There are 2 protein chains.
Amino acid sequence: MSTEAASRRGVPDATVARLPGYLRALTAFVDRGITSVSSEELATAAGVSPAKLRKDLSHLGSYGVRGVGYDVARLAEEITDVLGLARDWPVAIVGMGNLGRALAAYRGFATRGFKVVAVLDHDARLVGLRTAGHTVQPMSALPRLVADEGLAIGVIATPPGSAQLVADQLVAAGVRSILNFAPQVLSVPPGVDVRKVDLATELQILAFLAQQRDLETGAEAEVS
Amino acid sequence: MSTEAASRRGVPDATVARLPGYLRALTAFVDRGITSVSSEELATAAGVSPAKLRKDLSHLGSYGVRGVGYDVARLAEEITDVLGLARDWPVAIVGMGNLGRALAAYRGFATRGFKVVAVLDHDARLVGLRTAGHTVQPMSALPRLVADEGLAIGVIATPPGSAQLVADQLVAAGVRSILNFAPQVLSVPPGVDVRKVDLATELQILAFLAQQRDLETGAEAEVS
DNA sequence: ACGGCCTTGTGAAGGTATGCACAAAGTTGA
DNA sequence: TCAACTTTGTGCATACCTTCACAAGGCCGT
């Protein structure tokens with residue numbers, strides 16, 4: 001894939017991608033007052049197999065007790081630590097269209113280690129408007145946000161045509177983590193991480209699976 | 001068109017996940033009036049390596065010409081066909097909160113093989129309201145939508161607490177493809193496909209990568 | 001007609017991820 | 001104290017994915 005592929009700190013990429021799910025399941029157990037879980041219970045709650053869960057957790061160290069299971073609070077803290085969520089990460093959302101406003105209003109940030117410190121838009125007509133408790137700022141505010149607020153993560157919620165420009169501006173300001181909602185491949189220098197969330201891609205994969213299902217069902221019907 | 005069923009069944013998951021990206025890049029080439037591309041050009045536009053692209057396309061059959069490249073229109077048509085996008089898939093969006101409304105207003109559906117045939121909400125107070133050209137319908141409308149409109153894909157944009165219930169209702173009505181935006185593991189019977197889009201998970205993965213970067217930079221500084 | 005030049009398609013190799021099965025290790029109860 | 005029980009952690013085998021390197025194959029100029 002990108003620059004440094006494989007595993008960092010010995011934790012495989014596939015495992016890292018599942019850790020947030022484990023953390024969410026653990027948080028739910030905490031809320032229900034459950035203090036200890038087996039790999040089977042946690043795996044079910046997270047939607048994976050017990051073997052996979054144990055293998056994943058083994059990459060973080062030994063935090064379970066044989067014959068008993070895992071201490072919910074301790075494991076949650078360990079995963080929080082590994083993911084780097086012990087502190088809050090300042091996030092800025094760029095692009096105040098429908099999606100940008102919905103993201104700005106999303107309440108899930110605060111409880112999961114993130115804090116929206118600013119919302120921005122390239123369009124001067126939107127600058128100054130208030131939405132979801134934030135005043136829309138111009139792109140020129142980026143350097144100050146990085147310097148004063150420690151802005152570390154940029155969320156791109158613009159139309160695809162503006163996404164690369166916004167990415168360039170984020171990178172120029174010193175942001176090195178980007179979450180891109182625009183259906184557009186971004187080119188960024190080494191040392192900058194980009195992750196992509198794409199509705200159309202997911203739907204198209206579902207369409208493929210659905211068609212596959214229909215074809216196979218038809219084939220079976222023919223055989224029998 | 002000739003070797004359909006046989007070759008498509010063997011398309012690896014990882015390849016299927018990249019096909020939408022190739023299709024998008026090809027569409028962009030069509031718009032620019034370009035009729036032929038090499039694996040190198042297409043790979044760059046899609047953000048993958050040329051070798052990976054060629055291997056992926058080889059799973060669909062031989063649609064390139066050695067020494068020349070790929071015919072843009074023909075390859076786009078082939079991928080459209082493999083993904084099952086030759087026809088439009090009827091989609092319903094459930095949950096008219098901020099995210100649901102943003103999704104309902106998203107214009108990318110129509111051009112990519114999907115058609116929003118209905119938006120629904122469990123809350124009776126929202127039923128009847130108009131948003132983005134649709135009238136919000138109650139959940140009880142689902143069976144009719146499946147029967148009359150051929151509804152095939154359900155998008156869940158509800159709070160996590162309602163997601164499982166909505167999934168159950170979708171499945172009961174006959175929907176077998178679900179795109180879940182709620183941070184909640186869904187349990188569905190065999191034969192139903194669920195894909196998940198989760199903002200918080202993606203941000204947490206970015207946080208992990210950012211922390212690794214910081215740690216490694218620090219470590220290098222110590223060494224030198 | 002044909003040799004030179006390109007780019008595809010693909011075997012082979014290496015690397016990752018997954019699932020199985022069981023030994024290791026801790027707990028519980030008598 | 002100790003034996004029986006439970007569940008973790010992990011070695012191994014397998015499947016999957018990616019990358020490399022090059023032979024196969026088609027076009028173009030002469």
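Proteins get letters first, then strands, A, B, ... in listed order; numbering begins at 1 in each. Computed from heavy atoms alone, side chains included, the values below leave out hydrogens, waters and symmetry copies. None of the values given here were measured: they were computed from a predicted structure.
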- prompt: For A:Val65, which residues count as a side-chain contact (heavy atoms from CB on, under 4.5 Å) partner, sequence neighbours excluded?
  reply: A:Val68

- request: Sequence neighbours left out, what passes side-chain contact (heavy atoms from CB on, under 4.5 Å) with A:Ser187? Give chain and number order.
  value: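 side-chain contact (heavy atoms from CB on, under 4.5 Å) check on A:Ser187 returns A:Gln164.
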
How close or far is atom [atom2] of [N] from atom [atom1] of [X], stated in whole angstroms?
X	N	atom1	atom2	value
A:Glu41	D:dT7	CD	C1'	11 Å
A:His59	D:dT10	NE2	P	9 Å
A:Lys52	D:dT10	NZ	P	19 Å
B:Leu75	C:dT7	CG	P	17 Å
A:Tyr63	C:dG26	OH	P	16 Å
A:Arg74	D:dT8	CZ	C1'	14 Å
A:Asp56	C:dA17	CG	P	10 Å
B:Leu57	C:dG9	CG	P	7 Å

Quick one: list whatever passes salt bridge (Lys or Arg N to Asp or Glu O under 4.0 Å) with [X], sequence neighbours left out.
X	value
A:Asp198	B:Arg24
A:Arg18	A:Asp56
B:Arg66	none
B:Arg87	A:Asp214

Is there a side-chain contact between [X] and the phosphate of [N], meaning an N or O under 4.0 Å from OP1 or OP2?
X	N	answer
A:Tyr70	D:dG9	yes
B:Ser58	C:dT8	no
B:Ser39	C:dT8	yes
B:Arg18	D:dC17	no

- prompt: Which residues within residues 29-37 of chain A lie with some heavy atom under 4.0 Å of an atom in DNA chain C?
  reply: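 None - not one residue of the stretch has a heavy atom sitting under 4.0 Å from the strand.
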
message: Return a single string for nucleotides 20-30 of chain D, one symbol per nucleotide in 5' to 3' order, where B is base contact, S is sugar-phosphate-only contact and - is none, cutoff 4.0 angstrom on heavy atoms.
response: -B--BBSS---

task: Answer with base, sugar-phosphate or nothing: what part of the nucleic acid does A:Ser49 contact at a heavy-atom distance below 4.0 Å?
output: sugar-phosphate

statement: Residue pairs passing the side chain to side chain donor-acceptor pair (under 3.5 Å) test with at least one member in residues 44-55 of chain A, sequence neighbours excluded, are A:Ser39-A:Arg54

statement: On a heavy-atom basis, the closest approach of B:Asp88 and B:Lys115 is OD2-CB, 4.2 Å

statement: Shortest non-hydrogen pair, A:Asn98 vs B:Ala102, comes out as O-CB, 3.6 Å

- request: On DNA chain C, check which nucleotide each of B:Ser38 and A:Ala14 is closest to and give me the residue with the more 5' one.
  value: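 That would be B:Ser38.
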
